[in-house]
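Take a look at the structure below.
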Amino acid sequence: MTRYRVPFTSALWTWIEVEAEDEYEAVEKACDMTPPKVCAQCMGWGQGYSVDQDDWEADEDVKVEKVASA
């Protein structure tokens, strides 16, 4: 029987909470702390599927949310 690969797409979303004096500094700090990629097992190594993940990028029109003041 013939084997087929059927493509699917998905999006990952995350946020990073940082302490900063203003929104600009918050974005700068968060960009320095991007989370790691998904682990090898979750990426499909040794499985019948494969997952590709691009590098994390901040949205151009990023909306910074103020959580709390210290």
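The structure displayed is predicted, hence computed values, not measured ones. Excluded from the calculations below are hydrogen atoms, water molecules and symmetry mates; all remaining heavy atoms, backbone and side chain alike, are included.
When all heavy atoms of Ala26 and Ala20 are compared, the pair lying nearest together is N-CB, 3.5 Å.
Partners of Val27 according to the side-chain contact (heavy atoms from CB on, under 4.5 Å) rule, which considers only residues two or more places apart in sequence or in another chain, are Cys31, Val62, Val64. Residues forming a salt bridge (charged side-chain N to carboxylate O under 4.0 Å, His left out) with Glu28 (at least two apart in sequence, or on another chain): none. Remark: Asp55 pairs with Lys37 by the salt bridge (charged side-chain N to carboxylate O under 4.0 Å, His left out) rule, at least two apart or across chains.
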Distance-only donor-acceptor hits, side chain of residues 43-50, under 3.5 Å, sequence neighbours excluded:
none

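Other residues, nucleotides and ligands place no more than 12 heavy atoms under 6.0 Å from the CG atom of Asp54.
Applying the salt bridge (Lys or Arg N to Asp or Glu O under 4.0 Å) test to every pair with at least one member in residues 1-17, sequence neighbours left out, gives no pairs at all.
Through direct or indirect side-chain contacts shorter than 4.5 Å among Ile, Leu, Val, Met, Phe, Trp and Tyr, Ile16 is connected to Val18, Met33. Side-chain heavy-atom separations under 4.5 angstrom define the hydrophobic clusters, and Tyr4 shares its cluster with no other residue. Alongside Met1, the hydrophobic cluster contains no other residue (criterion: ILVMFWY side chains under 4.5 Å).
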